[in-house]
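This structure is a prediction, so every number in the text was calculated from the model and none was measured. Counting starts at 1 for both ligands and their atoms, in listed order. In this chain, residues are counted from 1 in sequence order.
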Amino acid sequence: MTDPYENELRARFGSDVELGVESGGEVPDDPGLRRMLTRRTQRRYLDRAVPDSLVRLLLAAALSASSKSDFQQASVIWLKDRARRDRLAALFPDMPWIGNAPVFLVFLGDARRLERLGTLRGHAQDNGALEGFFNAAIDGALALQSCILAAEILGLGTCPISVLRNRIDEVAEILELPDKVFPVAGLCLGYPAQPGFISMRLPFEASVHIDRYDDSGLAEAVDAYDRRRDARHSIADRQRAPERFGTAQFYGWSEDKARHAMALEGAGFATWLKAHGFTFDEPR
Ligand SMILES: Cc1cc2nc3c(=O)[nH]c(=O)nc-3n(C[C@H](O)[C@H](O)[C@H](O)COP(=O)(O)O)c2cc1C
């Protein structure tokens with residue numbers, strides 16, 4: 001018997017990767033899981049409106065995500081006003097999908113609401129410690145991913161947008177964010193204009209540990225992954241900043257990401273957060 005998810009797992013991890021997930025016929029064949037395993041980011045959308053009622057349904061799915069302590073520290077801004085959207089999109093000309101997608105949402109970590117509840121109930125408490133930031137960021141991220149999966153299940157495409165944090169002062173002004181409310185990521189949403197492609201993931205050797213953390217095999221696992229990924233979709237002709245790093249003979253994912261990480265994205269975000277209510281201290 002063939003495994004129900006064999007094709008999806010091969011598409012995600014590569015055909016020669018051993019994941020040890022052969023079900024022996026015990027795992028139900030589920031179309032939702034099939035979609036999840038083959039999910040992909042989409043940056044081009046059809047010129048087809050997404051009905052408001054559908055967006056509301058996706059927001060309901062997003063806000064059904066689990067939430068630390070049931071504090072419910074995720075909020076969403078649905079950016080409907082064209083002028084405001086255009087001002088935001090103009091900050092990121094390299095990513096035209098921010099302005100072009102039929103729908104644009106911004107998922108927020110909202111550490112403010114819990115503070116307001118405390119004040120309303122007469123138990124005022126500062127929520128600007130690292131714990132407040134961390135919990136709100138996680139709630140925002142879980143809501144974001146829940147929205148992504150719900151959208152993809154219904155045949156829509158999405159693209160999260162964390163680049164918002166690179167221009168945080170302007171973004172916060174456009175979205176009128178109060179203190180202790182911060183963007184986790186935007187989310188472009190629409191019907192995909194093309195099939196897109198499945199982005200291969202690292203093998204379990206690099207990302208799953210049994211009983212204790214052990215990354216002694218990382219270099220080998222990543223090297224094999226780089227070559228698998230290159231065989232599927234080479235990025236050799238898109239080397240990042242060759243004037244700074246030179247031209248690599250073999251240019252794989254790990255070289256690309258190591259260069260990418262040197263770009264210091266998000267510089268200024270910590271300063272902004274500290275100026276807007278977060279201390280990152282221990283709770284007091
Ligand atoms: C938190 C987060 C922020 C992201 N920010 C951006 C972004 O600003 N612009 C963009 O084009 N893609 C963005 N992406 C999409 C990633 O580039 C994409 O998820 C990654 O390349 C893996 O591809 P896949 O989602 O198709 O598997 C973001 C993804 C996540 C999860």
K.L.:
Show me which atoms of ligand 1 lie under 4.0 Å from any heavy atom of Cys159.
P.N.:
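Those qualifying, in numeric order: 10 (C), 11 (O), 12 (N).
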
K.L.:
Tell me, which protein residue and heavy-atom name are nearest atom 28 (C) of ligand 1, and how many Å apart are they?
P.N.:
Pro160 O, 3.6 Å

K.L.:
Quick one, Phe197 with His233, criterion ring-ring contact (aromatic ring centres under 6.0 Å, His included). Give me CA distance, side-chain angles, the key distance, then yes/no.
P.N.:
CA-CA 10 Å; Phe197 67 93; His233 179 70; 5.3 Å; yes

K.L.:
Would you verify that at least one protein heavy atom lies under 4.0 Å from atom 15 (C) of ligand 1, or report that none does?
P.N.:
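Yes, there is one.
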
K.L.:
With the threshold set at under 4.0 angstrom, would you say Arg39 reaches ligand 1 through any of its heavy atoms?
P.N.:
yes

K.L.:
Are the aromatic ring centres of Trp253 and Tyr225 under 6.0 angstrom apart?
P.N.:
yes

K.L.:
Taking heavy atoms and a distance under 4.0 Å, where does Ala141 meet ligand 1: side chain, backbone, both or neither?
P.N.:
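Neither; nothing of Ala141 gets under 4.0 Å from ligand 1.
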
K.L.:
Distance to 0.1 Å, residue and atom name: give those for the protein heavy atom nearest to atom 23 (O) of ligand 1.
P.N.:
Ser199 CB, 3.8 Å

K.L.:
Given Arg40, Arg201, Arg43, which has its nearest heavy atom closest to atom 11 (O) of ligand 1?
P.N.:
Arg43

K.L.:
Hey, would you say the Phe133 and Phe280 ring centroids sit under 6.0 Å apart?
P.N.:
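So the answer is yes for these two rings.
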
K.L.:
Quick check for you: to the nearest 0.5 Å, what is the distance between Tyr251 atom OH and Arg240 atom CZ?
P.N.:
5.5 Å

K.L.:
Can you pull out the closest protein heavy atom to atom 19 (O) of ligand 1? Residue, atom name and distance to 0.1 Å, please.
P.N.:
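Here the closest protein heavy atom is Thr41 OG1, 3.3 Å.
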
K.L.:
Tell me which protein heavy atom sits closest to atom 5 (N) of ligand 1, plus the residue, atom name and distance to 0.1 Å.
P.N.:
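The protein heavy atom lying closest is Ser162 N, 2.9 Å.
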
K.L.:
For Val163 and ligand 1, does the shortest N/O to N/O distance drop below 3.5 Å?
P.N.:
yes

K.L.:
Taking all atoms of both residues into account, what is the closest heavy-atom pair of Asn166 and Glu265, and its distance?
P.N.:
ND2-OE2, 3.5 Å

K.L.:
Establish, yes or no, whether the cationic atom of Arg10 lies under 6.0 Å from the six-membered ring centre of Tyr5 and within 45° of the ring axis.
P.N.:
no

K.L.:
Could you tell me whether Arg34 and Glu8 have a side-chain N and a carboxylate O separated by less than 4.0 Å?
P.N.:
yes

K.L.:
For Arg87 and Glu173: C-alpha separation, side-chain torsions, deciding distance, then whether salt bridge (charged side-chain N to carboxylate O under 4.0 Å, His left out) applies.
P.N.:
CA-CA 11 Å; Arg87 280 176 65 209; Glu173 193 256 313; 3.1 Å; yes

K.L.:
Regarding Arg165 and the six-membered ring of Phe269, is the cationic atom NZ or CZ under 6.0 Å from the ring centre and inside 45° of its axis?
P.N.:
yes

K.L.:
Nearest protein heavy-atom contact for atom 9 (N) of ligand 1: which residue, which atom, what distance?
P.N.:
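Atom 9 (N) of ligand 1 sits closest to the protein heavy atom Met95 SD, 3.2 Å.
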
K.L.:
Please indicate whether any nitrogen or oxygen in Leu144 is less than 3.5 Å from any nitrogen or oxygen in ligand 1.
P.N.:
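Such a contact does not occur with ligand 1.
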
K.L.:
Taking a cutoff of less than 4.0 Å between a non-hydrogen atom of the residue and any ligand atom, is Trp97 in contact with ligand 1?
P.N.:
yes

